[in-house]
A.B. asks: 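I'd like to ask some things about the structure below.
Note that these values count all heavy atoms, side chains included, but never hydrogens, waters or copies made by symmetry. Index from 1, following the sequence.
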Amino acid sequence: MNNKLSKDNAIVFSTQILVYMKGLFLMPIIIKTLGVSTYGTFILISTFVGILGGLSSLGVGTKSFRYLPSAKSEYDKAQIFYPPFYFKLFILIFISIIIVIFEKRIKLFFIHDDLTFSIYILPLYLLFYLIYEYSHNYLRYTSRIFYMSLLDFGYAYLHVFFILFYSNKIGLININILFLSQSFVALFVAIPVLFLIFKEINFNFIFFKLNEIKEEIKIGLPIVLNLVVDYILATSDRFILAYFMGAIAVGLYVPAYTLGALILLVPKAIGTVVPQLMSKSVDNDDFLEAKKIFLHSIKIFMILTIPFIFGIYLIGYDILILLANDEVADNGKYIATIIAISSFFYGFNILMSQANMVDLKTVVIFKANFLAGIFNLISTFIGFYFIHSIYVPAITTVLSFMIATIYFYKTIESKWLDNSIFFLFIKVLMISILMFIFVNISMVFLPELSMVMSIIIKILLALIIYFPLVILLKIL
């Protein structure tokens, strides 16, 4: 089981890195061709659509997909897969109608005067992304991790390829092209998976009964609300920042945020693989195996995330210059490190959520993130009342995720935890501090280097000291 866990985690983590790099590729293209303000608008609309997509299921499907990994027959899989798909489709149709009705108000909030955007693209995007999302879910919950990763990779880089091709061969990109191309790429990469789905469980019209919808919402709504609150925690800073300081401030803030949040690839990769393995073990009355998987995941998470915080402090400023420009780097040089700290707490919360999901304790997950979300909103508004700085949302984000972490740790069932987690944290923290000191001292004795070479040398020095100490202290 551990070999499969490690293999699947490696596949997903590698893919998530490549997918995340997509944003880093698009960032300089958009900023340098369309400007910081347009990039900020693109981020705001993307965030808005993400919230709509997350909220649209109302939690229907959460319970169903919990049992898909254990489903054996074609009939059972179809009964689990199709009803939540059609339910969410109907909700998205309703949301699309609302978007069209309130077109002017939506544009008034998101679009500045010199930018043209067609609101009718959003319903198309929501529909095509739904098809992509459920293709992804089918591969994930039937444990086809490699093909799921291939789907994600194709979705990310076909979009990048199209944007590069369009800008070089056809003409200047605009915000309409960004969303249209993303929509059609989502549909295109999902087509092969649709053939697989139809082959294995046929094409069916299977719908929930009313009492089943009520049961699904009862279990899943806290998760959806949690996703919305979670999304608010991760993205509300951009909307509040835009309200107080404009889209340009968002364009300055998001590159540093993106860099600092890079390490979230680790818990997200783990969260893609681990839940179904833990669920299978619990369903087979082997809780000790489920706990072993859970603790092993926490170990991987800490070994990779804690040193990242120190590493991003060492090289964050130079990377921001390479990715964007001097203005972005000057404004966000410490934000990346602050967000890296918040990402550690956020990532730990993701892992705690996996254990609660296996136990179907969705209310606990919601309460933790709701508490943090309310604190985040209130503290950010208060902070901006006194200080207009892009550092305000970064600091309040750290505090919010810390609150959620404390709540999770105090409410999770003791059967999942033991003292090894605390001692692991202390060991990895001490090694990371030693790594940080070693790299700083070493750089003093080196001649002046170019920016790229300085980044490479710092990374190599960090790896040289960190991983041997991890092995020496038998952490791995």
A.B. asks: What is the ring orientation for Phe161 with Phe165, classed by angle as parallel under 30°, tilted 30 to 60°, or perpendicular over 60°?
C.D. replies: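 Phe161 vs Phe165 ring planes: parallel.
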A.B. asks: Do the two ring centres, one from Phe188 and one from Phe128, sit under 6.0 Å apart?
C.D. replies: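 Ring centres of Phe128 and Phe188 not closer than 6.0 Å.
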A.B. asks: With a cut-off of 6.0 Å (strictly less than), are more than 12 heavy atoms of other residues, nucleotides or ligands near NZ of Lys88?
C.D. replies: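 For Lys88, atom NZ is crowded (more than 12 foreign heavy atoms under 6.0 Å).
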A.B. asks: Can you tell me if Phe375 has over 12 outside heavy atoms packed within less than 6.0 Å of its CZ?
C.D. replies: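 For Phe375, atom CZ is crowded (more than 12 foreign heavy atoms under 6.0 Å).
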A.B. asks: Could you walk me through whether Ile197 and Asn202 pass the side-chain contact (heavy atoms from CB on, under 4.5 Å) test, one step at a time?
C.D. replies: CA-CA 7 Å; Ile197 294 171; Asn202 296 316; over 6 Å; no
A.B. asks: Asp318 and Ile315: side-chain contact (heavy atoms from CB on, under 4.5 Å), yes or no, with the steps?
C.D. replies: CA-CA 6 Å; Asp318 292 341; Ile315 64 175; 5.5 Å; no
A.B. asks: If you look at every heavy atom in Phe348 and Ile298, which pair is closest and at what distance?
C.D. replies: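 Looks like CE1-CG2, 4.3 Å.
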A.B. asks: With rounding to the nearest 0.5 Å, note down the distance linking OG1 in Thr305 to CG in Leu262.
C.D. replies: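 If I round to the nearest 0.5 Å, the distance is 12.0 Å.
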A.B. asks: Are the side chains of Leu180 and Leu124 in touch, meaning some heavy atoms are under 4.5 Å apart?
C.D. replies: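 Side-chain contact under 4.5 Å: yes.
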A.B. asks: Apply the test ring-ring contact (aromatic ring centres under 6.0 Å, His included) to residues Tyr132 and Tyr129: give CA-CA distance (whole Å), side-chain angles for both, the deciding distance (0.1 Å), then the verdict.
C.D. replies: CA-CA 5 Å; Tyr132 166 79; Tyr129 190 83; 5.4 Å; yes
A.B. asks: List the steps, then state whether side-chain contact (heavy atoms from CB on, under 4.5 Å) holds for Ile382 with Ile378.
C.D. replies: CA-CA 6 Å; Ile382 293 174; Ile378 295 174; 3.7 Å; yes
A.B. asks: Is there a donor-acceptor pair closer than 3.5 Å between any side-chain N or O of Thr405 and the backbone N or O of Phe345?
C.D. replies: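 A pair under 3.5 Å: yes.
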A.B. asks: When the ring planes of Phe179 and Tyr125 are compared, do they come out parallel, tilted or perpendicular, using 30° and 60° as the limits?
C.D. replies: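 Judged by the thresholds at 30° and 60°, the geometry between Phe179 and Tyr125 is perpendicular.
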A.B. asks: Check for me whether the distance between the ring centres of Phe153 and Tyr157 falls short of 6.0 Å.
C.D. replies: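 Centroid distance Phe153-Tyr157: below 6.0 Å, so yes.
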A.B. asks: Around Ile387, counting heavy atoms of other residues, nucleotides and ligands shown, do more than 12 lie under 6.0 Å from its CD1?
C.D. replies: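 Not buried by this count: 12 neighbours or fewer within 6.0 Å.
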A.B. asks: Measuring only between side-chain heavy atoms, which start at C-beta, is Leu92 closer than 4.5 Å to Leu127?
C.D. replies: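 With C-beta onward as the side chain, the pair stays apart.
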A.B. asks: Report the relative orientation of the aromatic rings in Tyr391 and Tyr334; use parallel for angles under 30°, tilted for 30 to 60°, perpendicular for over 60°.
C.D. replies: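 Judged by the thresholds at 30° and 60°, the geometry between Tyr391 and Tyr334 is tilted.
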A.B. asks: Short question: side chain of Thr380, backbone of Leu377 - any donor-acceptor pair under 3.5 Å?
C.D. replies: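 Not a single qualifying donor-acceptor pair exists.
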A.B. asks: Applying side-chain contact (heavy atoms from CB on, under 4.5 Å), can you list everything that pairs with Glu200, at least two apart in sequence or on another chain?
C.D. replies: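 Once residues adjacent in sequence are excluded, the partners of Glu200 under the side-chain contact (heavy atoms from CB on, under 4.5 Å) criterion are Tyr138, Arg144, Leu196.
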A.B. asks: Within the supplied structure, the quantity of interest is the number of heavy atoms (other residues, nucleotides, ligands) at a distance under 6.0 Å from Phe203 CZ; does it exceed 12?
C.D. replies: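 Yes, enclosed.
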A.B. asks: Is any side-chain heavy atom of Leu126 closer than 4.5 Å to a side-chain heavy atom of Ser96?
C.D. replies: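 Yes, their side chains come closer than 4.5 Å.
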A.B. asks: Do Asn176 and Tyr120 have a side chain donor and acceptor closer than 3.5 Å?
C.D. replies: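 Absent: no donor and acceptor within the cut-off.
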A.B. asks: Can you measure from CZ (Phe408) to NZ (Lys367) and round to the nearest 0.5 angstrom?
C.D. replies: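 So the gap between those two atoms works out to 12.0 Å.
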A.B. asks: Would you name the heavy atoms of Ile131 and Ala190 that are closest together and state the gap between them?
C.D. replies: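 Looking at all heavy atoms of both residues, the shortest contact is CG2-CB, 3.9 Å.
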A.B. asks: Here's a test for you: under ring-ring contact (aromatic ring centres under 6.0 Å, His included), which of Phe344, Phe294, Phe308 qualifies with Phe301?
C.D. replies: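 For Phe301, the ring-ring contact (aromatic ring centres under 6.0 Å, His included) test succeeds with only one of Phe344, Phe294, Phe308, which is Phe344.
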A.B. asks: Would a 4.5 Å heavy-atom cut-off, applied to side chains only, mark Leu194 and Ser135 as touching?
C.D. replies: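 In contact.
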A.B. asks: I would like to know whether Tyr407 and Thr411 meet side-chain contact (heavy atoms from CB on, under 4.5 Å); could you show each step before the answer?
C.D. replies: CA-CA 6 Å; Tyr407 185 88; Thr411 55; 3.7 Å; yes
A.B. asks: I want to check something: taking the side chain as every heavy atom from C-beta on, are Leu178 and Asn174 in contact at a cut-off of under 4.5 Å?
C.D. replies: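 No, their side chains stay 4.5 Å or more apart.
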